[in-house]
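Every heavy atom of this structure was used, including side-chain atoms; hydrogens, water molecules and symmetry mates were not. All ligand and atom numbering here is 1-based and tracks the order in the structure.
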Amino acid sequence: MSRGRFITIEGGEGAGKSTLIRSLEQVLEARGLDVVTTREPGGTVLAEEIRNLVLHPPGETQWSALAEALLMNAARADHVEKKIAPALAAGKWVICDRFADSTRVYQGIGGVNDTMLQAMQAEVTKDAAPDITFILDGPVDELLQRRTARGTSDIFERRPIGFHTAVRERFLEIAKAAPDRCKVVDASRDPSRVLEDVLSVIDERVSAS
Ligand SMILES: Nc1ncnc2c1ncn2[C@@H]1O[C@H](COP(=O)(O)OP(=O)(O)OP(=O)(O)O)[C@@H](O)[C@H]1O
Ligand SMILES: [Mg+2]
């Protein structure tokens, strides 16, 4: 059995990650592929517990950025070990809603040293290196409007606009530094166009590899 493929979807809040993943899953399944969709933080029983603790800290309490980075990586270690690596070994295609780049972006902006974030990431993701990462990118104010329309809220979404601009810039920097792995997609267009772009990159770079 050949190894499956690992696709990660990144980008700020409201960029359309979850929307893209739903349609991408359908298309790949229609091609006869065995597809597993999952998300971070989360994806396993333990990691989902950590997700809840990180995104909704009890009462008025707050994690430091370093504590968040450690929690995200603890969740990711469980997720890689119990779900992602076994699925890839079984020949499945895994699509993950956020992955290690999000930790570098969010906890990096929070002040955690990038060298340390990368060192943690290298260890935690050594059995699950993404074949491709799509970074959904678009003007912050447009994405902000989508979020407001959707009406959900967690500790990362309630930050000021400058924060969301920094998130966008950091994702673009990561993409620039890893052009073989990352593909920036203009997420301000219609969902069908976003999907079309993503599929053409998958056909070109991932299916054949
Ligand atoms: N390309 C698009 N054009 C217009 N609206 C979109 C597009 N993609 C998604 N939306 C809408 O924007 C909102 C946010 O989309 P979605 O939940 O997929 O984003 P997300 O990146 O998963 O956000 P989060 O990081 O908060 O989970 C939803 O209401 C969705 O229907
Ligand atoms: Mg989502």
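A donor and an acceptor atom, one from each side chain of Thr103 and Arg76, are located under 3.5 Å apart. No side-chain donor-acceptor contact under 3.5 Å links Lys183 and Thr133. In this structure, a donor-acceptor pair under 3.5 Å is present between the side chains of Gln118 and Asp114. If you check the side chains of Ser102 and Glu10, you find a donor sitting under 3.5 Å from an acceptor.
For ligand 1, one of its N or O atoms has an N or O atom of Thr19 under 3.5 Å away. For ligand 1, the polar-atom distance check against Gly14 finds a nitrogen or oxygen pair separated by under 3.5 Å.
Taking the six-membered ring for Trp and thresholds of 30 and 60 degrees, Tyr106 and Phe163 have ring planes inclined between 30 and 60 degrees apart.
A salt bridge links Asp203 with Arg31: at least one charged nitrogen is closer than 4.0 Å to a carboxylate oxygen. Between Arg189 and Asp197 there is a salt bridge, with a side-chain nitrogen of the basic residue lying less than 4.0 Å from a carboxylate oxygen of the acidic one.
Using a 4.0 angstrom heavy-atom cutoff, Arg193 does not count as in contact with ligand 1. Heavy atoms of Ala15 come nearer than 4.0 angstrom to ligand 1 in at least one pair.
Under 4.0 angstrom from ligand 1, the non-hydrogen atoms of Asp190 all belong to its backbone.
Which parts of ligand 1 touch Arg98 is read off a 4.0 Å heavy-atom cut-off, strictly below it: atoms 25 (O). Within ligand 1, the atoms closer than 4.0 Å to a non-hydrogen atom of Arg189 are 1 (N), 2 (C), 3 (N), numbered from 1 in the order shown.
The Mg ion (ligand 2) has no N, O or S atom of Thr19 closer than 2.8 Å.
For atom 10 (N) of ligand 1, the nearest non-hydrogen atom from the set Lys17, Arg39, Arg146 comes from Arg146.
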